[in-house]
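Down below is the structure, laid out as structure tokens.
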Amino acid sequence: MPRSTFSKTFVESHKPYVRDAVAKLAESADQLTPRLAGFVVDMVCATMIDVANEFGVPTYIFFTSNACFLGLVFHLQTLADEHDVDVTELKDSEAELFVPSFVNPVPTKALPRTLMEREGAALFANLTRRFREAKGILVNTFWELESHALRTLSSYGETPPVYPVGPILKLKSEDEVHVDPEQAGKKKSDILKWLDDQLPSSVVFLCFGSRGSFGEDQVKEMACALEQSGHRFLWSLRRPPPKGKITHPSDYADPTAVLPDEFIRRTAEIGKVIGWAPQVDVLAHPAIGGFVSHCWWNSILESLWFGVPIATWPMYAEQQMNAFEMVREWGLAVKISVEYGSVFHSTAEERQLVLIAQDIERGIREVMEPDSTVRKRVKEMSEISKRALMDGGSSSSSLGRFIDEIFL
Ligand SMILES: *[C@@H]1O[C@H](CO)[C@@H](O)[C@H](O)[C@H]1NC(C)=O
């Protein structure tokens, strides 16, 4: 089954279970237990609206990405339904698209790959039509970061009210999958102990999430870039899953096998190569001065929260678009690449897409620059993101309005 239809089938097959569970809840309700007021569903579960409708209660969507992206999907669905425009024809072209939620024209190469393929575009258009049926959309963002995009969200025809309630973060590192907690705990304390010995803002952190791994050619370029930059580094290097298998990357038993000869020995004084990383704990550490990131939305929100500037290296899903937003729209990141991985599925093209050491090194130097404008802006946004959640802050007020609306 193609990955794009998997989530749809998955959600459909769960409707009966959700219906049963909610029916039980509703039956057992009495004066002491709260009544069912509505559903809040993840964006990919929007068709659960059908079940909520059976119970006669409203549904709210929790949109786990940003408002620029929400604007994009509304825009593409409007283009398809009302203007008969098929943007998948622009796939792999140099074209740029004007999208109201963005200030700048967006290169089609920075758009999520799925949206540029027929099946994925149809799937998302269906999903987006369901968003319009919701009573409201909660977005994991905050007004001060995305005021432009949020202001435009009422310009795509009939859309429900939007509540920016972010950044919603889990400020406790995820445990590594499939590893016993004791081992993970040991790895974590070893990493943090190493960071304790480093000067403030002196270490660049490279981490590409639970699905991020690279071929050997690319790993060698990264190693070369790190060595040339001369900066201290903490590098989460993962082994790609076996060819043809859809599973998560794992840790190398011995990373020296894929690294340049003697790399570990030469860099022993300045760097540490690790496998899985407790990302939140690392970003929170004062020794971290820059973050080479795949730009998953949660990673971006975490990095902004801790005031660590990002060098963008997107890989899949809407990461290219997030990288574009960070670099071009908001001036909150430096660029290593914005388009990397936009032709992810074709191995022939993928091979050409090895980023060379010089480009990576330039990005690392830039993100580690002590007095850069980007660093200053990120520090400011860090404060603003924290204020948004405080009493009277923008997201806190927005959440209050949402709660008032449900219990009216
Ligand atoms: C979109 O919805 C239509 C109408 O319900 C359906 O026929 C079609 O298969 C759906 N497309 C995808 C890709 O899910």
Side-chain angles (χ1 to χ4, degrees), residues 1-20 22 38-93 95 97 99-101 106 108-139 153 155-160 162 211 246 297 315-322 341-346:
M1 190 187 304
R3 225 178 325 180
S4 53
T5 48
F6 172 76
S7 57
K8 178 183 156 188
T9 314
F10 185 82
V11 173
E12 287 308 311
S13 68
H14 279 72
K15 278 182 177 172
Y17 303 111
V18 173
R19 185 181 296 121
D20 282 355
V22 176
F39 280 30
V40 177
V41 302
D42 183 276
M43 56 200 270
V44 299
C45 301
T47 60
M48 282 293 170
I49 289 181
D50 297 331
V51 181
N53 286 347
E54 290 173 27
F55 291 94
V57 294
T59 301
Y60 299 85
I61 306 286
F62 180 47
F63 197 80
T64 55
S65 190
N66 51 70
C68 280
F69 185 29
L70 181 58
L72 173 72
V73 295
F74 277 135
H75 183 62
L76 294 184
Q77 183 243 327
T78 309
L79 283 181
D81 289 1
E82 285 168 31
H83 307 281
D84 210 17
V85 174
D86 178 9
V87 290
T88 64
E89 283 166 9
L90 301 175
K91 181 173 143 183
D92 295 333
S93 76
L97 209 61
V99 183
S101 58
V106 191
T108 48
K109 281 186 182 164
L111 295 180
R113 187 76 185 164
T114 317
L115 296 182
M116 299 306 284
E117 282 163 356
R118 221 161 269 271
E119 173 82 15
L123 201 78
F124 248 94
N126 279 2
L127 208 53
T128 308
R129 279 180 215 111
R130 303 309 303 267
F131 293 169
R132 291 187 192 269
E133 295 171 33
K135 189 85 183 291
I137 304 180
L138 306 158
V139 186
L153 281 178
S155 65
Y156 305 93
E158 297 252 325
T159 50
V162 168
R211 276 165 60 193
I246 302 184
W297 186 239
M315 299 187 73
Y316 50 83
E318 81 269 23
Q319 293 168 2
Q320 287 83 12
M321 191 192 62
N322 294 345
S342 64
V343 279
F344 201 64
H345 298 299
S346 151

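Computed from a prediction, not measured in an experiment: that's the story for all the values here. Read the numbers this way: they start at 1 and go in the same order the structure lists the ligands and their atoms.
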Give a yes or no on whether D84 atom CG has more than 12 heavy-atom contacts from other residues, nucleotides or ligands under 6.0 Å away.
no
Just wondering, do F131 and F63 contact through their side chains at under 4.5 Å, heavy atoms?
yes
Which ligand 1 atoms, with their elements, are less than 4.0 angstrom from a heavy-atom of A122?
13 (C)
Using a 4.5 Å cut-off on heavy atoms from C-beta on, say whether the side chain of L76 contacts that of L97.
yes
Taking all heavy atoms of I61 and all of M43, pick out the closest pair and write down the distance.
CG2-CA, 3.8 Å
Counting both backbone and side chain atoms, is some N or O of N126 under 3.5 Å from an N or O of ligand 1?
yes
Below 3.5 Å, N or O to N or O, backbone or side chain included: is there any such pair between E119 and ligand 1?
no
State the atoms of ligand 1, each with its element, that fall below the 4.0 Å cut-off from a heavy-atom position in K8.
12 (C), 14 (O)
